[in-house]
Amino acid sequence: MRGLMMDYQLTIPALLRRAETLFGSREIVTRLPDRRLHRTTWGEVAARVRRLAAALRQLGVEPGDRVATLCWNHAPHLETYFAAPLAGAVLHTLNLRLPPEDLAYIINHAGDRALLVDAALLPLFERIKDLIGVRAVIVVGTHGHLTDLLLDYEALLAGAGPHAAAFPEPDERDAAAMCYTTGTTGRPKGVLYSHRALVLHSLAIALPDGMDLRERDTLLPVVPMFHANAWGLPYAAAMVGAKLVLPGPHLDPESLAELYQAERVTVTAGVPTIWMGLLQLLDQQPGRFDLSSLRALIVGGAAAPQAMIEAFDERHGLHVVHAWGMTEMTPAGTIAHLAPGVEHASPAERYRARARQGRPFPFIDIRARGAGGLVPWDGETMGELEVRGPWVAAAYFDAPDADDRFTEDGWFRTGDIVAIDASGSIEIKDRAKDLIKSGGEWICSVTLENALMGHAAVAEAAVVPIPDARWGERPLAAVVLKPGQTATPEELTAFLAASFPKWWLPAAFEFLDRIPRTSAGKFKKSELRERFKDYRPPDQGA
Ligand code: AMP
């Protein structure tokens, strides 16, 4: 017997309707390139979204066409987040930190029809414009100095009517948005999010044991809107009616701290490097900023060192919440909160639990597979994490050669090596390709990195394999010291020796000014691996 419930479609336009009718006066604040603050509301955004959707249609964008954005986090980008799906098209966010050739490849592979670009990013656009076949280019923030080929965003909106009725309700399984993976293995691959996936993802991340998002919150996504939908925060903000603060291109710790204070931000989200920078600023200038409104700093995208979580808590009274996800998962997968039994554990145990990547969001199923099949949830046995759920990719866009990322029974193979404990909380040990195989045993680079970043003199550490005649591979630690601090390899080795077996200890330390970064702000270990691939530790001779 079938249930007798309405077949209500879970769509992006439904989220927008809610924001407009219930939260129309809630603010959207943007930091402009010249640092001034621009203020609008969900109500005004919704009206402009309809105009933009109509304008896109007038430019020839048809249902199913891809509309690309090359933009920082700001109100027009937010408007496009809703307008492209409202027009039946697919929002395609482009990562502005990618090399021009990769951008051109992605734009062509996706078949983007229209492109929105920030005026400040026009030099980047100039480098790709002859390589791509986009029909219409719309420039945001230009003040009218444009050529025939480039359309001004504001002029376009002014010229479009508010054709609300012209847009049929999309099917919830239609594509609404698209994002390419950063392509650490092979070419970037496109992930196509359905309306339904984005809506269910919004519901899940807003839950109290998720990111705990409420109407009275003020959200500041530092995570770029061009990377995995800013972790779904723009859509979730519309759903719950939160105020949004968008930092534009100003992502330095000082600019962020000023915004947190001035706008009384309650929840913010970003990758560990952002929080490491903020921590250094707060340590150097304690008391300069009033951050008492902040109730959660959500961290993900790369492993959050336990020492960092502790430092924010102990020194600044700021609560870091650790989450894990992937572009292929819209992107939220797991999040770490203390289960009832752990709340009363010792501080050390609680920090350890919070430094894990945590338990899956509702409707995300997890399992891990080792050489001998699925591994037990004993907190120790490692395996590759496999996931499934309503916001997990079932395939990549037009990439027939990527079938190996999916199991025969339809789970997605994440490429992350984890141990799962009895409560279902995962700990990411490494990317499968970053594990170091020494004497036939695995050494987890991420675990070593996090431990090193707990040393008082260490700002950043990345661990990569170097060849070793006897053991196959041994770890090399690339270390960036904090300004004015010193540490010798011997001191760092002694520090690690307190927690790790001898064979895990790095064979060499290299002190660098900076760890290379990927376009998503993560450590670019492929560059370090390449750089040190023929490395010989000093004591091995030439
Ligand atoms: P992306 O698709 O660019 O967001 O990258 C996803 C990958 O980032 C995952 O497969 C993990 O390897 C890594 N990642 C994301 N969040 C975390 C986390 N909290 N801890 C460790 N690694 C993470």
Side-chain angles (χ1 to χ4, degrees), residues 93-95 97-98 102 106 177-186 188-191 193 201 205 210-211 221-233 269-276 297-306 308-309 320-337 353-361 364 366 368 382 384-387 391-393 396 402 405 412-420 425-435 444-450 453 462-463 517-526:
T93 51
L94 293 167
N95 185 336
R97 297 204 181 101
L98 285 177
D102 283 7
I106 289 173
M178 168 182 232
C179 187
Y180 276 67
T181 62
T182 30
T184 40
T185 46
K189 289 189 273 295
V191 180
Y193 308 106
H201 181 270
I205 65 168
M211 297 183 190
V222 186
V223 49
M225 290 168 74
F226 58 74
H227 185 222
N229 315 314
W231 299 351
L233 289 169
V271 292
T273 23
I274 295 283
W275 304 138
M276 298 292 245
L297 277 72
I298 300 165
V299 60
Q306 182 177 330
M308 185 189 88
I309 300 176
V320 175
V321 179
H322 193 192
W324 166 87
M326 301 182 75
T327 303
E328 290 89 335
M329 299 183 72
T330 314
T334 67
I335 191 158
H337 288 290
R354 286 177 46 202
R356 301 175 70 87
Q357 281 73 10
R359 296 197 283 179
F361 286 90
I364 295 294
I366 59 169
M382 294 197 290
E384 182 185 357
L385 181 64
E386 297 175 356
V387 294
W391 55 86
V392 181
Y396 290 101
R405 296 297 302 273
F412 173 66
R413 297 178 54 211
T414 63
D416 283 335
I417 303 298
V418 298
I420 308 178
S425 166
I426 67 167
E427 185 184 352
I428 303 267
K429 300 285 191 176
D430 220 332
R431 285 296 289 169
K433 62 182 173 36
D434 289 337
L435 280 170
C444 303
S445 62
V446 172
T447 314
L448 278 177
E449 288 160 8
N450 285 342
M453 288 190 269
V463 174
R517 298 254 192 277
T518 69
S519 55
K522 306 180 193 191
F523 292 160
K524 193 170 187 183
K525 294 224 230 160
S526 54

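Atoms within a ligand are numbered from 1 in the order they appear, just like the ligands themselves. Computed from a predicted structure; not experimentally measured.
Not a single ring-ring contact (aromatic ring centres under 6.0 Å, His included) links His322 to another residue, sequence neighbours left out. Partners of Ala419 according to the side-chain contact (heavy atoms from CB on, under 4.5 Å) rule, which considers only residues two or more places apart in sequence or in another chain, are Lys429. The side-chain contact (heavy atoms from CB on, under 4.5 Å) check on Val271 picks up Trp231, Thr273, Ile274, with sequence neighbours excluded.
A donor-acceptor contact shorter than 3.5 Å is absent between the side chain of Glu449 and the backbone of Ala462. A donor-acceptor pair is defined here as one N or O able to donate and one able to accept, closer than 3.5 Å; such a pair exists between the side chain of Thr414 and the backbone of Leu385. The backbone N or O of Cys179 sits nowhere less than 3.5 Å from a side-chain atom of Thr93 that would complete a donor-acceptor pair.
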May I have the N/O to N/O pairs between ligand 1 and the protein that fall below 3.5 Å, each with atom names and distance to one decimal?
unit_1	atom_1	unit_2	atom_2	d
ligand 1	2 (O)	Thr327	N	2.8
ligand 1	2 (O)	Thr327	OG1	2.7
ligand 1	3 (O)	His227	NE2	3.1
ligand 1	3 (O)	Lys522	NZ	3.3
ligand 1	5 (O)	Lys522	NZ	2.7
ligand 1	8 (O)	Gly301	O	3.3
ligand 1	8 (O)	Lys522	NZ	2.8
ligand 1	10 (O)	Asp416	OD1	3.3
ligand 1	10 (O)	Asp416	OD2	2.7
ligand 1	10 (O)	Arg431	NH1	2.8
ligand 1	12 (O)	Asp416	OD1	2.6
ligand 1	12 (O)	Asp416	OD2	3.3
ligand 1	14 (N)	Gly301	O	3.3
ligand 1	16 (N)	Gly301	N	2.9
ligand 1	19 (N)	His322	NE2	2.9
ligand 1	19 (N)	Ala323	O	2.7
ligand 1	20 (N)	Ala303	N	3.2
ligand 1	20 (N)	Gln357	NE2	2.9

